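Residue numbers begin at 1 in each chain, while the letters A, B, ... track the order of the sequences. In this text, all values refer to a predicted model and were calculated from it rather than measured experimentally. Hydrogens, waters and symmetry mates play no part in the numbers below; they use all other heavy atoms, side chains included.
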Number of protein chains: 2
Amino acid sequence: MGNREKIIRGAIELMNARGSAVGTSALAEHLGISPGNLYYHFRNREAIVAEILTRCADDLHAILDVSDQSEISPERFASCYVGGVRVLFEYRFLFSSALELVSSDASLTAAYRKFSETSVGQLKLALSLARAVAASERALTDDDARRFCQNMWLIWTGWPRYAQVNLGRDMDQTDQMECLRHLTLLIEPYVTPAFFQAVSEQAVQQFAQPPKTLA
Amino acid sequence: MGNREKIIRGAIELMNARGSAVGTSALAEHLGISPGNLYYHFRNREAIVAEILTRCADDLHAILDVSDQSEISPERFASCYVGGVRVLFEYRFLFSSALELVSSDASLTAAYRKFSETSVGQLKLALSLARAVAASERALTDDDARRFCQNMWLIWTGWPRYAQVNLGRDMDQTDQMECLRHLTLLIEPYVTPAFFQAVSEQAVQQFAQPPKTLA
DNA sequence: CGAAAATTAGAGCGTTTACTCTAGTAGAGG
DNA sequence: CCTCTACTAGAGTAAACGCTCTAATTTTCG
């Protein structure tokens, strides 16, 4: 693994632990390389964050993409949010320090907004396909469906920070499972019991398996 | 209004807009006072944030306190979360920049955790009292009730950042109303239609009125 | 008024920041 | 062996940081 890759991974690790404000010297020291070395691989500090954001967006969008489906299975539905929890935990500082990131750079702002907009849109599509299957008795207007997906995004991206900051957790598998439970609770009233049961079982099962994309 | 009060308000204003990372010189310039003046009124930069956190906690806890009630009216229930939205919007940077705040100082961490713990506890009490009234058909285990209140906290504290960062809003009354709608959507499945209807009407009505505590 | 106290301004301190620049190493191809 | 390219180290820069200090000003009160 080259230093470029080490820098990215080290930055994620350190920023997840201490917030996006970690400096270049702290990062270099953490990695055991010289501060100047960073600037051979990246134009500036912000370029590191930008690449991390891109990776996160790519990972998440690949998981949430259900545009090829006309109807969504409980298995696929579960994989959306089990996979989502994994990705959002891995890159959690992006959401914990969102205000700092966005107010520091204009191009990051645009990328960040596009990212969240696309994700919420994908969630909405998944929900509509799932609701077609679920045929729940509880109706949602179009505006409320958007709000529901935004709520889901808020819990999804907010829980890691909540667990870390408010509860002082150390961010292990247990915390990811708890995040899943929070999302489950949110979804439950809006799908049929049968669909919900199937999704829950699938979620637990998929969560027990190691993620696919890890080499 | 003395400079001490001006500093607090200016800090809230500036940090809400740009994140908690605003420096002492930027703050002084924003207020039209000298940087050194800050240190007459406050021991150090962190003391300013600590006082803001205390104020926020006091304001919110006063609004959420239902410990004197044995049963909660729709009016009181609505005032909890209408008032809560107001407070959390006013101090929104505390939640947007929580990771940065907490990782910078140990005593702030303790205060922040106590704050959120108490708030979620108060929410849980309000919910249990409301559910006694509402007698909904949808049961919640104790763990799920906690998760529900944590979800509420996440949306409550997360929405301002979402609106500001992800949607690029300018944080006016409309955004607070939208936050209310998000919370409403969360609550709806867990109370009876009659209670929900009463709470919704009360919420709209209370929201239209100016806040009581403003002198 | 006049003295004491409270408040303010602003220069300046040491430290840290993101970043640049130059000297130098490691390995591949000829 | 030599050279070229990819990469690394580390000293050094200007600016910004939180903060201290002193002198001046305003307010308070006998």
Rounded to whole angstroms, how far apart are [atom1] on [X] and [atom2] on [N]?
X: Glu29(B); N: dA9(C); atom1: CD; atom2: C1'; result: 15 Å
X: Asn37(A); N: dA6(D); atom1: CG; atom2: P; result: 15 Å
X: Ile33(B); N: dT26(D); atom1: CD1; atom2: P; result: 16 Å
X: Arg4(B); N: dA6(C); atom1: CZ; atom2: P; result: 15 Å
X: Leu31(B); N: dT8(C); atom1: CG; atom2: P; result: 11 Å
X: Ile7(B); N: dG18(D); atom1: CD1; atom2: C1'; result: 15 Å
X: Arg45(A); N: dT16(C); atom1: CZ; atom2: P; result: 17 Å

Between [X] and [N], does any side-chain N or O lie under 4.0 Å from OP1 or OP2?
X: Thr24(A); N: dC19(C); value: no
X: Ser25(B); N: dA16(D); value: no
X: Asn3(A); N: dT8(D); value: yes
X: His41(A); N: dA6(D); value: no
X: Tyr39(B); N: dT20(D); value: no
X: Asn44(A); N: dA18(C); value: no

### Message
Given dC19(C), dT8(D), dT7(C), identify the nucleotide with an atom nearest to the side chain of Tyr40(A).
### Response
dT8(D)
### Query
Which listed nucleotide (dC19(D), dC19(C), dC7(D)) is nearest to the side chain of Pro35(B)?
dC19(D)
### Task
Using heavy atoms to find the nearest nucleotide of DNA chain C for Arg43(A) and Gly36(B) separately, return the residue whose nucleotide is more 5′.
Gly36(B)
### Task
Pick base, sugar-phosphate or nothing for Leu38(B), based on heavy-atom distances below 4.0 Å to the nucleic acid.
nothing
[X] side-chain N/O to [Y] backbone N/O, donor-acceptor pair under 3.5 Å:
X: Asn3(A); Y: Lys6(A); result: no
X: Arg92(B); Y: Thr157(B); result: no
X: Gln206(A); Y: Glu75(A); result: yes

### Task
Would you please say whether a donor-acceptor pair under 3.5 Å links the side chains of Tyr91(A) and Asp59(A)?
yes
### Trp153(A)-Phe115(A) aromatic ring centre distance below 6.0 Å
yes
